Amino acid sequence: MARKVVDCRDMPSEKNCTLMISGEDRDEVVRVAVQHAIDDHGHTRSKELEDEIRAHVKDEVAVGA
Ligand SMILES: [Zn+2]
């Protein structure tokens with residue numbers, strides 16, 4: 001089963017952050033990504049932020065498999 005990932009490089013960001021958050025549970029990935037956005041990118045917790053991050057969740061692509 002493909003894991004879900006949020007790649008910070010896909011997000012509008014001024015920090016050139018390259019973090020990738022992955023897991024099998026989409027809600028957990030979103031939760032951690034929201035916390036990361038708040039802690040490291042200075043975002044404010046909001047429904048809009050969560051929706052934007054949720055929209056960026058994608059299936060992990062195996063690298064070098
Ligand atoms: Zn980031």
Side-chain angles (χ1 to χ4, degrees):
M1 186 176 124
R3 288 191 296 179
K4 305 300 179 189
V5 301
V6 172
D7 190 341
C8 231
R9 291 174 299 183
D10 291 343
M11 308 282 244
S13 169
E14 68 291 345
K15 289 186 70 174
N16 291 326
C17 180
T18 59
L19 189 74
M20 182 179 260
I21 298 158
S22 66
E24 287 186 4
D25 183 339
R26 172 188 287 257
D27 289 340
E28 185 172 26
V29 171
V30 170
R31 182 169 56 79
V32 173
V34 167
Q35 194 63 53
H36 166 70
I38 293 167
D39 289 346
D40 293 328
H41 293 275
H43 288 287
T44 304
R45 182 180 297 276
S46 67
K47 187 74 170 64
E48 287 70 28
L49 176 65
E50 185 178 325
D51 286 348
E52 184 179 346
I53 288 172
R54 193 175 290 272
H56 280 88
V57 176
K58 61 190 181 184
D59 289 335
E60 182 175 55
V61 178
V63 178

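Bear in mind that the values here come from a model prediction, so they are computed numbers and not experimental data. All ligand and atom numbering here is 1-based and tracks the order in the structure.
Residues satisfying the side-chain contact (heavy atoms from CB on, under 4.5 Å) criterion with His36, sequence neighbours excluded, are Cys8, Cys17, Leu19, Ile21, Asp40, His41.
Linking Ile, Leu, Val, Met, Phe, Trp and Tyr residues whenever their side-chain heavy atoms come within less than 4.5 Å places Val30 and Val32 in a single cluster. At a threshold of 4.5 Å between side-chain heavy atoms, the hydrophobic network of Ile, Leu, Val, Met, Phe, Trp and Tyr places Ile38 and Val57 in one connected group.
Protein N/O/S atoms closer to the Zn ion (ligand 1) than 2.8 Å number 4 in this structure.
No option in Asp25, Asp59, Asp27 other than Asp59 meets the side-chain hydrogen bond (donor to acceptor under 3.5 Å, both in side chains) test with Lys4.
Of all heavy-atom pairs spanning Val29 and Ser22, the tightest one is CG2-C, 3.8 Å.
A salt bridge is defined here as a Lys NZ or Arg NE, NH1 or NH2 lying under 4.0 Å from an Asp or Glu carboxylate O, and Glu50 with Lys47 fails to meet this definition.
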